[in-house]
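Presented below is the structure to which this report refers.
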Number of protein chains: 2
Amino acid sequence: MPKQTFFNLPVHKRKTLMKAAEKEFARVPLSKASIASIIRTAEIPRGSFYQYFENKEDLYYYILGEQTKERKLNLISLLKKHNGDIIEATIDMYYDFLVQMPDEEEQNFLKNAMLHVTHKVENVFTDLFNPGESEQLKEITALINKEYLNIKEDKDLFHIMQIVTAVAFRNFVEKFSKELSDEEALESFTIEMNLLKNGLYKRE
Amino acid sequence: MPKQTFFNLPVHKRKTLMKAAEKEFARVPLSKASIASIIRTAEIPRGSFYQYFENKEDLYYYILGEQTKERKLNLISLLKKHNGDIIEATIDMYYDFLVQMPDEEEQNFLKNAMLHVTHKVENVFTDLFNPGESEQLKEITALINKEYLNIKEDKDLFHIMQIVTAVAFRNFVEKFSKELSDEEALESFTIEMNLLKNGLYKRE
DNA sequence: ATATTATATGACACCTTGTCACTTGTCAAA
DNA sequence: TTTGACAAGTGACAAGGTGTCATATAATAT
């Protein structure tokens, strides 16, 4: 987490810094990103950077976390739209990602995040459904229609969400790494989501 | 890929170098690993390193690839043991990983690989089933008993393998990141594998 | 007005990487 | 055995990065 000093900053300065960081993380993956480059762009002295953040990663995961907040809201509205059908909501979300992704910088940022995933990055994405989190999680689980689902106990819901996000995540990565078109990516994704719904094994 | 020069090296020297590299990659994740440290341990000059490898990553993915070869053989034998039941074979493999993992260094190496996954690392793991690969893939797909599976076309098999590996992989990462005991990890994994078999959604 | 605390700053020590001019080894042909 | 050509070995070096710290400055409380 950024230090308090960062949050005390005048909005203008804070935004400039974030902009510069996003630009750098869109340019190259985290491991190749340099603080030097960020502060050059933002025109702040080196010492100041360390006044605000522990290090590169601190800043990076902060940005990623902020983005997740928006995505969480999106998921909630999609669950409502699809009567709590978690798979349909996920498919819709996947579609939004592919088609609605606005500027190129944001796309590159995501691409770099996906291709050079660290566990933390993946968590930020799957944290959409992570237990022990905010009240938002409760809102989400309440929205999920368990009628559809093949679960006995409540904790099975957690496993289902783990599976859905793991597969969805992998599909994003594939989309970028194999440079699939939106249509190809969506087809592949839909096939896998249906396999998840119905089971990989034949019904007896 | 390492350069030819590396393969021309006397076995002794090559092994020393690999040992040193494995040690370094067990110590810290790829992004923090340093060539300087490797050559210090292996007692080879800096210039030589670049005679053998493009860079850190080149060496790293080579090691990871070598390890995959062994794992592939393991999978083949497990498929035979389980009559081509891909889920049962995967569960068995997961168990082997957890329980049979020999020395601590190998464990740390894997841990670092898992927690700081890049797309390439994940691929090395899922490449167990990647299409377009060796004849071994044919051997593996031939071994898989499609009777069990809920597939119409042959390409669905690919999707099934993607799903199984994505979920298995995620489970490994969770095991390390949440520091689960072998029993906990295995329980979670088995639940998810069964959900995959039978489907996340209720049968109508 | 003064003390206290928060913020800003950039030079610095230290570390890494990848390169390159140069040395050394190898081996087949003369 | 000499020679020459090519492969391999070597370490100093430039370029660039990180995190820290002593010092300067601003802001705030007393």
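Lettering of chains follows the sequences in order, A, B, ..., and the numbering in each one begins at 1. Just so it is clear, the structure is predicted and the values come from calculations on it, not from any experiment.
When the C1' atom of dT16(C) is taken as reference, atom NZ of Lys32(A) falls 12 Å away, rounded to whole Å. Separating the CZ atom of Phe53(A) from the P atom of dT20(D) is a distance of 16 Å, rounded to the nearest angstrom. Distance CD (Gln4(A)) to P (dT5(C)): 18 Å, rounded to an integer number of Å. One atom, CD of Glu57(B), and another, C1' of dT17(C), lie 11 Å apart when rounded to the nearest Å. One atom, CD1 of Ile44(B), and another, P of dG9(D), lie 9 Å apart when rounded to the nearest Å. Distance, Ile39(A) CD1 to dA8(C) C1': 13 Å, rounded to whole Å. The separation between Phe49(A) atom CZ and dT20(D) atom C1' is 14 Å, rounded to whole Å. Atoms NZ (Lys56(B)) and C1' (dG17(D)) sit 12 Å apart, rounded to a whole Å.
Nucleic acid contact class of Phe6(B) (heavy atoms, under 4.0 Å, all strands): none. Across all strands shown, Leu9(B) has heavy atoms under 4.0 Å from sugar-phosphate atoms exclusively, and none from any base.
Note on Glu187(B) versus Lys155(A): salt bridge recorded, some NZ/NE/NH1/NH2 to OD/OE distance being below 4.0 Å.
Here dT9(C) is the nucleotide among dT16(C), dT9(C), dG19(D) with the atom lying nearest to any side-chain atom of Ser48(A). Among the nucleotides dT9(C), dG10(C), dT10(D), the one closest to any side-chain atom of Gln51(B) is dT10(D). Among the nucleotides dA8(C), dT16(C), dT10(D), the one closest to the side chain of Thr5(A) is dA8(C).
Other residues, nucleotides and ligands contribute only 12 or fewer heavy atoms inside 6.0 Å of the OH atom of Tyr95(B). No more than 12 heavy-atom neighbours from other residues, nucleotides or ligands sit within 6.0 angstrom of NZ on Lys23(A).
One finds no side-chain N or O of Arg46(A) lying less than 4.0 angstrom from the OP1 or OP2 phosphate oxygen of dT9(C). Close to dC15(C), at under 4.0 Å from its OP1 or OP2, lies no side-chain N or O of Arg40(B). The side chain of Lys13(A) places an N or O atom within less than 4.0 Å of a non-bridging phosphate oxygen (OP1 or OP2) of dA8(C).
Ring-plane geometry between Tyr52(B) and Phe6(B) is classed as tilted, the angle between the planes lying from 30 to 60 degrees on a 0 to 90 degree scale. Ring geometry, Tyr148(B) versus Tyr201(A): the interplanar angle falls under 30°, so the pair is classed parallel (tilted spans 30 to 60°). Relative orientation of the Phe172(B) and Tyr94(B) rings is tilted, given thresholds of 30° and 60° on the angle between their planes.
Non-hydrogen atoms lying under 4.0 Å from DNA chain C are contributed by nothing in residues 16-25 of chain B.
A donor-acceptor pair is defined here as one N or O able to donate and one able to accept, closer than 3.5 Å; such a pair exists between the side chain of Lys3(B) and the backbone of Tyr50(B).
Remark on DNA chain C: of its neighbouring residues Tyr52(A) and Ile35(B), the 5'-side contact belongs to Tyr52(A), judged by nearest-heavy-atom nucleotide. Heavy-atom nearest nucleotides on DNA chain D were determined for Gly47(B) and for Asn8(B), and the one closer to the 5' end corresponds to Asn8(B).
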From CA spacing to verdict: side-chain hydrogen bond (donor to acceptor under 3.5 Å, both in side chains), Gln4(B), Asn8(B): CA-CA 6 Å; Gln4(B) 187 52 47; Asn8(B) 296 342; 3.0 Å; yes

